[in-house]
Amino acid sequence: MIVYAVGELLRQWRKRRGLSQLDLAIAADVSARHVSLVETGKSTPSPDMILRLAEQLHVPLRDRNHLLLAAGFAPRYAQRPLDDAALSGALGAVRRVLRAHEPYPAIVFDRRWNILLTNRAVDPFFAYVAPDLLRPPVNLVRLGLDPRGLASLVVNLADVRAVFRSRISRQLAAAPDAALAALYEELLSPQPEEPTSDRLDADVVLPMILRVGDRELRLFSTITTFGTPTDITIEEIAVESYYPADAESAAYFTR
């Protein structure tokens with residue numbers, strides 16, 4: 001494993017964001033010379049300076065801790081279990097979102113797409129999933145694309161795969177993660193024989209279409225995240241809420 005100094009790590013983040021040293025200096029209200037000295041290791045930045053630069057580079061909290069450690073400082077951000085007492089307010093808010101969204105499905109997942117919580121509207125769909133896919137950690141991408149999972153229900157599977165591929169590609173471009181990259185290679189790496197996305201005509205959003213029995217359910221989703229997290233766990237979770245795209249699909253859930 002290669003161990004980088006904090007200056008080199010900051011340079012990598014700056015390059016990843018497509019910024020020049022001058023761009024970063026202006027955004028962080030420091031001199032371009034100081035940014036250069038930090039990146040070359042000729043100047044050791046204080047913890048506050050590291051965090052100021054990291055803020056302008058939109059570095060995730062987990063990686064801000066890595067920057068601090070690389071400079072010899074203690075991590076600044078905690079990563080608590082979701083059921084930790086300190087996160088009770090945030091967890092309560094998430095549970096309220098899940099309950100309030102019923103009778104439509106909603107799922108909470110982490111940065112690697114492992115499902116953490118669901119509401120009751122999701123449970124009937126798990127009946128179609130092979131038991132081994134429901135052993136923790138249950139991965140939403142694997143659940144959606146495995147033929148023994150929900151893929152057997154998805155009419156426009158190529159569209160759904162393309163959405164997963166786009167979202168995870170953006171994640172990896174924003175913040176590299178070895179486990180997420182491995183998941184991408186396993187399930188989303190383009191294959192020569194892979195059918196192209198049909199990109200069904202949609203007036204507003206591209207739906208996911210599920211065939212359940214003799215019904216076709218058309219659903220679209222929204223993603224909810226915390227706006228000002230200071231805990232790594234809270235920053236990395238998202239709530240995906242599914243909505244019916246037509247009256248027939250709404251009737252299925254509300255009957």
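Quantities reported herein were computed from a predicted structural model and do not represent experimental measurements. Position 1 is the first residue of the sequence, and the numbers go up from there.
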Q: Answer whether the closest heavy-atom distance between the side chains of L145 and R161 falls below 4.5 Å.
A: yes
Q: Name the residue from Q171, R112, R62 that meets the side chain to side chain contact (heavy atoms under 4.5 Å, CB included) definition with D177.
A: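 Among Q171, R112, R62, the one that satisfies the side chain to side chain contact (heavy atoms under 4.5 Å, CB included) with D177 is R112.
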Q: If you compare all heavy atoms of V38 against all heavy atoms of L10, which two are closest, and at what distance to 0.1 Å?
A: CG1-CD1, 3.7 Å
Q: Answer yes when R148 and D132 have at least one side-chain N-carboxylate O distance shorter than 4.0 Å, and no when they do not.
A: yes
Q: Specify the closest pair of heavy atoms between A238 and I223, including all atoms of both residues, with the distance to one decimal.
A: CB-CG2, 4.0 Å
Q: Given E235 and R64, is the salt bridge (Lys or Arg N to Asp or Glu O under 4.0 Å) satisfied, shown in steps?
A: CA-CA 12 Å; E235 183 187 48; R64 295 185 196 191; 5.7 Å; no
Q: Do you know which two heavy atoms are closest between S46 and F73, and how far apart they sit?
A: C-CE1, 4.2 Å
Q: What residues, two or more places apart in sequence or in another chain, satisfy salt bridge (charged side-chain N to carboxylate O under 4.0 Å, His left out) together with R14?
A: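 Expected list: E39.
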Q: Give the minimum heavy-atom separation between P229 and L61, together with the two atoms involved.
A: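 Scanning both residues, the minimum pair turns out to be O-CD1, 3.7 Å.
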Q: Please assess R17 against H58 for the test side chain to side chain contact (heavy atoms under 4.5 Å, CB included), listing each intermediate value before the final yes or no.
A: CA-CA 9 Å; R17 298 295 183 249; H58 305 291; 4.1 Å; yes
Q: Shortest non-hydrogen contact from S249 to E216?
A: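 Shortest heavy-atom contact: OG-O, 4.0 Å.
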Q: Output yes when R52 and E55 qualify as a salt bridge under the 4.0 Å nitrogen-oxygen rule, no when they do not.
A: no
Q: Mind checking whether F220 and Y243 have ring centres under 6.0 Å apart?
A: yes
Q: If you compare all heavy atoms of R215 against all heavy atoms of R255, which two are closest, and at what distance to 0.1 Å?
A: NH2-NH1, 3.7 Å
